[in-house]
Amino acid sequence: MAMTILVVDDSATMVMSLKATLSMSGFLVETASHGQAALDKLKSGTKPNLIITDINMPVMGGMELIGKVRALPGFRFIPILTLTTESEASKRDEGKRLGATGWLVKPVSGDDLVKVIKKVLPGA
Amino acid sequence: MASAGSKGIDGVSRVKAGVARVGDDATAADRKIRLRRIRKRLLSEALVRFALLVLLWFSLSYGLGPDLAPYRLRFAGLLALFILLPGLAYKRRHLVEARDAVSHMWAFGQLHFSEVSQMLEASNVLQADIKDSKPYIDVMHEQIGDSLSESEGEVLKVIEQIGLLHAKASQQRERIAESIKSGKELNESTNIRIENNKQIIAAIEMQLDAQNEEFMSNFERIEGMAGEVGSLAPLVKVITSIAQQTSLLALNAEIEAARAGNAGRGFAVVAFEVRKLAVLSTKAAADISEKIKTTCKKVDAEMGAAKDSLKEHESNTAMSHLIGDLGGMQDEFSKNSRLLLEVITEVDANYEESVMRLSQALGHIQFQDVMRQRMEHVQESLVEMREHLLRLSEDAADPARDGHLDLTFKSMLAAHFNKYRMASQAVTHLAVSGGESTGDHSRPAIELF
């Protein structure tokens, strides 16, 4: 059974390109344009195997989303990857502290992205 | 007085310096008017001083008493000599200096009034232009925004096209997978059939070989029989000749028996029987000859049939060739079938590579988001610059301003360092403005915690 990945990004190009890349690799893809929309999806029953989120987004950013997802029952151990232009070390450390599984700085090739996903999702 | 003189000299120096720097623009008429005014004032001052002296002289005259009265005139003269003349001399010198000073001051005033006017005019133009920077910056801001929107739209179209391409490729891949399956089945089936056909061909070839051997044997046997039958014909002639000679001998014996009378009667019977036997022998020889002829005809017919068989044998050899060709064709078909399978498999591998490359291309498309964020930062900077320029313009128009700036371009530029998200932004900033980065962007692009 194909695994589901929730992609959270306010950039339409990012969402579309990630959706296409991940679909090509056999994943089902859910999308959200900001942290609050992603959180609503999770609360309404969407249970992805992995969340890939941007950091700087309107309404609710990636950092806040990570913290709130970790507080949701049943999402404590779900892998969360950040895919962002933020490369500063202090931001990474903050993401790690909040519970991010990994930090990817844009742009990341489709090949590298799938390799990372297979590392954090062993069954994929 | 000394202080006033010093100030006057300082003023002259400054004016002279100013004149030396920019030249004398005052007109002669202006200078004459100013000098006339100064002369009038100095004259009125001298008259006042003279009046004061007269008053002093009368005071002394009445104050000193009658004994000193004869000295009044001398005393007054001396007083005038010691007080009035140096003053007048000093005034005269100062008048000249003052005249020059006024002349230079006039020139200086004219000059700086013009400069100040120009500066004020330039300042007004500058303020107006700074205000005009708002639409300029707004247009640039919108240009960047529109470019980003267009870029995003076009990139989305590219992604859509890649998606369609991938969907088509997926369909092709399904067909390729079916083709591979069919190709493998065809290959296996072909190999089985080829193997079966080979066995059949081998059996047919064995049968043909056996038939050929049998044919050759039959042909040789018929040929031998034909030769043997043909060799009987001379024997028939010998028998016929013997029968004819026997008949003649029997006839002679009958004649001799007849000549011998009764004694030869028995011999005549024998001779008659011999002649009859000879006739029968001749007839039998004729029958044998006829039968040999018939047999020879039959043998000829058989030989004809054998020749037909030979032709058939030759055609059987052609069939062997045909079977051989068929085998070659089957081998060729098997080879091509394998080749086709290899081609289809290679196409499948190429599809995998195409998907990988499409995936890579989609990864590169992320540059648009990176570029968008950098350009949005530039847009924010443009807005910041616009607001700052407007504040500067308002400050410049405010006569009460003290010249202090809360915000400067330098401080704004320095503040940008804390707003950068990407290492590339900091690198560009440092390359242009110099300095050292305060952020740590040295960690790898992909980091798993």
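Order of the sequence lines fixes the chain letters, A, B, ..., with proteins taken first and strands second; residue numbering starts at 1 for each chain.
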Measure A/Met24 against the heavy atoms of chain B and call it side chain, backbone, both or neither at under 4.5 Å. both
Could you have a look at A/Ala89, A/Ala20, A/Pro79 and say which one has the most heavy-atom pairs with chain B under 4.5 angstrom? A/Ala89
Of A/Val116, A/Asn56, A/Thr21, A/Leu18, the largest count of non-hydrogen pairs under 4.5 angstrom with chain B goes to A/Asn56
Under 4.5 Å heavy-atom distance to chain B, tell me which part of A/Val114 shows up: side chain, backbone, both or neither. neither
Which is it for A/Thr85 and B/Arg372 under the side chain to side chain contact (heavy atoms under 4.5 Å, CB included) test, yes or no, and what are the steps along the way? CA-CA 11 Å; A/Thr85 53; B/Arg372 177 183 63 84; over 6 Å; no
Please classify the contact of A/Ile55 with chain B as side chain, backbone, both or neither, using a heavy-atom distance under 4.5 Å. neither
Near B/Arg175 CZ, under 6.0 Å, is it more than 12 heavy atoms from other residues, nucleotides or ligands? no
Between A/Arg92 and B/Pro444, what is the shortest heavy-atom contact and its length? NH1-O, 2.6 Å
Verify the neighbour count for atom NZ of B/Lys419: are there more than 12 heavy atoms of other residues, nucleotides or ligands below 6.0 Å? yes
Turns out that what part of B/Glu447 lies under 4.5 Å from chain A's heavy atoms comes down to both
Check: B/Glu152/A/Thr13 side-chain N/O donor and acceptor closer than 3.5 Å: no
Which pair of heavy atoms, one from B/Gln373 and one from A/Asp54, lies closest together, and at what distance? NE2-OD2, 4.5 Å
Taking all non-hydrogen atoms of both residues into account, name the closest pair between A/Pro107 and B/Phe367 and its distance. CB-N, 4.4 Å
Just by distance, do the side chain of A/Ser87 and the backbone of B/Ala423 share a donor-acceptor pair under 3.5 Å? yes
Within a strict 4.5 Å, meaning less than it, do heavy atoms of the A/Leu81 and B/Leu448 side chains meet? yes
Less than 4.5 Å to any heavy atom of chain A: does that hold for the side chain of B/Ile446, its backbone, both, or neither? both
By a 4.5 Å heavy-atom criterion (distance strictly below it), what part of B/Arg374 contacts chain A: side chain, backbone, both, or neither? neither
Cut-off 4.5 Å, heavy atoms of chain B, and the answer for A/Leu104 is both
A/Met16, A/Lys106, A/Lys119, A/Lys96: which one forms the most heavy-atom pairs within less than 4.5 Å of chain B? A/Lys96
Salt-bridge present (A/Asp111, B/Arg357; N to O < 4.0 Å): no
Salt-bridge contact B/Arg421-A/Glu88 (side-chain N to carboxylate O under 4.0 Å): no
Does any N or O in the side chain of B/Gln366 come within less than 3.5 Å of the main-chain N or O of A/Val108, such that one atom is a donor and the other an acceptor? yes
Interatomic spacing from OG in A/Ser25 to CE in B/Met356 - rounded to 0.5 Å: 11.5 Å
Value for CG (B/Leu156) from OG (A/Ser11), rounded to nearest 0.5 Å, stands at 7.5 Å
Within 6.0 Å of CZ in B/Phe409, more than 12 heavy atoms from elsewhere: yes
Taking all heavy atoms of B/Leu362 and all of A/Ser17, pick out the closest pair and write down the distance. O-CB, 3.7 Å
